[in-house]
Amino acid sequence: MPVNRSLISPTSNPVLERALQEKLARRSETSGSLGELEPLAVRLGMLQNTLKPRFRDPQIALFAADHGIAVDGIAPLGAPTTSDLIASLLSGRLPVSVFAGIQSMELTVVDAGVADSLPTHPRLMARKIAHGSRNARVSPAMTVDQAHAAIRAGMEIADALPGNVIACAGVGVGSAESAALVLSRLTNAPIRDLMVSGPEMKQDDLARLLVITQGAQGRHREVSDPVEVLAAFGGFDTAMMVGLMLVSASKRHLIIADGMAACAALMVASRIAEPATDYALFTRSHSHQGLDHALALFQASALLELGMESTDGTGATLAWPLIRAAAALLTEVADGEDPGPSQPSEMSSEHVSPNVAATSGAQTDKRTA
């Protein structure tokens with residue numbers, strides 16, 4: 001999926017970065033250092049290209065899909081179906097739903113490709129591409145056309161949602177395994193590293209997962225183009241997040257990636273437009289060891305390590321207050337008697353990166369011929 005022109009600007013700006021660091025250093029002289037909150041604040045300022053980053057109308061989008069690879073028995077016996085999980089999300093029976101409300105984050109569940117037909121709900125967005133993907137051990141999980149359609153749908157969702165911050169995660173039976181296959185192929189990371197849940201994992205369970213995932217790898221051993229890799233191994237949830245991330249980054253919006261599927265989507269997005277990763281922060285909702293390896297592929301770590309075993313997206317809702325606090329260091333804490341400028345005086349117009357909004361025409365540029 002070659003790209004004719006990228007609309008995503010890198011966040012690098014040495015003048016602004018130095019000004020942000022100096023602003024925080026002045027605060028530290030009177031209030032003391034706030035440790036890791038300060039580099040996070042610098043990231044947020046760089047992301048918005050300002051000394052005073054501000055966020056509004058935070059969104060959390062959970063992309064739900066069923067994955068054909070699940071027919072090989074990768075889910076534990078008695079595990080809830082994707083439809084059951086969605087029902088729990090929408091009825092407020094899961095922590096992520098409650099925490100989102102507490103943090104004033106607007107929760108949307110996107111039916112990207114759930115096998116069942118779902119009843120309508122005010123917080124359910126129906127964007128189903130198909131009733132589940134196919135088994136990657138037998139055929140491509142999606143056609144390339146379906147992958148493109150899902151990416152376009154994600155772009156449209158990013159345009160439709162309000163605000164300038166989006167937390168996203170994938171949910172559904174087989175989501176993590178299909179995402180691990182995408183990450184493994186794009187980065188040459190051993191699939192075993194992404195499958196191991198922890199030292200307590202039973203070797204029989206790991207061996208079964210490796211037979212399934214390595215079989216899928218062998219079936220598509222020649223695939224290397226990022227969108228073709230996505231089609232071969234991924235799911236409609238991951239593909240929609242790719243489109244959402246590309247448009248969000250083009251608007252200089254903050255992306256909060258939670259879980260394996262979001263990591264896979266960001267990796268695909270970065271292969272389409274490399275600066276996309278500049279706009280992402282990482283959270284986690286469970287302590288799966290494979291997720292450690294996934295985050296390491298970005299040379300990143302999660303904002304919070306709470307040892308949870310929860311639905312993907314929960315970590316994003318808990319990290320949001322931390323992100324707001326980091327931004328408040330630059331925007332709300334008084335800078336002496338002067339409210340202070342939004343740009344350092346050294347920055348001339350050529351230093352200021354354009355804040356490019358994604359339009360329908362802009363989205364077309366990101367897609368392949």
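We use all heavy atoms of the structure for the numbers below, so side chains are in, but hydrogens, waters and symmetry mates are not. For this chain, numbers begin at 1 and follow the sequence in order.
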*asked:* Any donor-acceptor pair under 3.5 Å linking the side-chain atoms of Asp72 with those of Asn135?
replied: yes

*Side chains of Ser287 and Glu309: do they bring a donor and an acceptor to under 3.5 Å?*
yes

Hey, could you give me each pair passing salt bridge (Lys or Arg N to Asp or Glu O under 4.0 Å) that has a residue in [range]? Not counting sequence neighbours.
| range | result |
| --- | --- |
| residues 111-123 | Asp111-Lys128 |
| residues 281-301 | Arg284-Asp292, Arg284-Glu305 |
| residues 312-327 | none |

*Check step by step if side chain to side chain contact (heavy atoms under 4.5 Å, CB included) holds for Leu318 and Leu306.*
CA-CA 10 Å; Leu318 295 174; Leu306 299 176; 3.8 Å; yes

Would you give the length of the straight line joining atom [atom1] of [X] to atom [atom2] of [Y], rounded to the nearest 0.5 angstrom?
| X | Y | atom1 | atom2 | value |
| --- | --- | --- | --- | --- |
| Met142 | His148 | CE | NE2 | 10.5 Å |
| Thr50 | Leu16 | OG1 | CG | 7.5 Å |
| Leu183 | His293 | CG | NE2 | 12.5 Å |
| Asn164 | Arg56 | CG | CZ | 4.5 Å |
| Asp258 | Phe282 | CG | CZ | 11.0 Å |

*asked:* Between Lys251 and Asp159, does any NZ, NE, NH1 or NH2 come within less than 4.0 Å of an OD or OE carboxylate oxygen?
replied: yes

Show me the donor-acceptor pairs, under 3.5 Å and distance only, between side chains in residues 87-95 and residues at least two apart or in other chains.
| unit_1 | atom_1 | unit_2 | atom_2 | d |
| --- | --- | --- | --- | --- |
| Ser88 | OG | Asp84 | O | 3.2 |
| Ser88 | OG | Arg93 | NH2 | 3.2 |
| Ser91 | OG | Ala87 | O | 2.8 |
| Ser91 | OG | Ser88 | O | 3.3 |
| Ser91 | OG | Arg93 | NH1 | 2.7 |

*asked:* Tell me which pairs pass side chain to side chain donor-acceptor pair (under 3.5 Å) where either residue lies in residues 179-192, with sequence neighbours left out.
replied: Ser184-Gln217

*If you look only at pairs with a residue in residues 32-41, which of them pass as a side chain to side chain donor-acceptor pair (under 3.5 Å), with sequence neighbours excluded?*
Ser28-Glu38

Donor-acceptor contact present, side-chain [X] to main-chain [Y], <3.5 Å:
| X | Y | result |
| --- | --- | --- |
| Ser270 | Thr277 | no |
| Ser285 | Thr311 | yes |
| Ser248 | Met245 | no |
| Ser133 | Gly68 | yes |
| Thr331 | Lys52 | no |
| Thr11 | Leu47 | no |

So, using salt bridge (Lys or Arg N to Asp or Glu O under 4.0 Å) as the criterion, who are the partners of [X] when residues are at least two apart?
| X | answer |
| --- | --- |
| Arg54 | Glu332 |
| Asp193 | none |
| Arg134 | none |

_Qualifying residue for side chain to side chain contact (heavy atoms under 4.5 Å, CB included) with Trp320, from Leu303, Val165, Ile60, Ile102_ = Val165

*Output all residues satisfying side chain to side chain contact (heavy atoms under 4.5 Å, CB included) with Val42, sequence neighbours left out; order by chain, then residue number.*
Glu17, Leu20, Gln21, Leu24, Met46

*Sequence neighbours excluded, which residues qualify as side chain to side chain contact (heavy atoms under 4.5 Å, CB included) partners of Ala70?*
Ile74, Val173

*Quick check, are the ring centers of Phe233 and His220 under 6.0 angstrom apart?*
yes

All N/O donor-acceptor pairs, side-chain side in residues 194-202, below 3.5 Å, sequence neighbours left out:
none

_Heavy-atom pair of closest approach, residues Val114 and Ala64_ = CG2-O, 3.6 Å

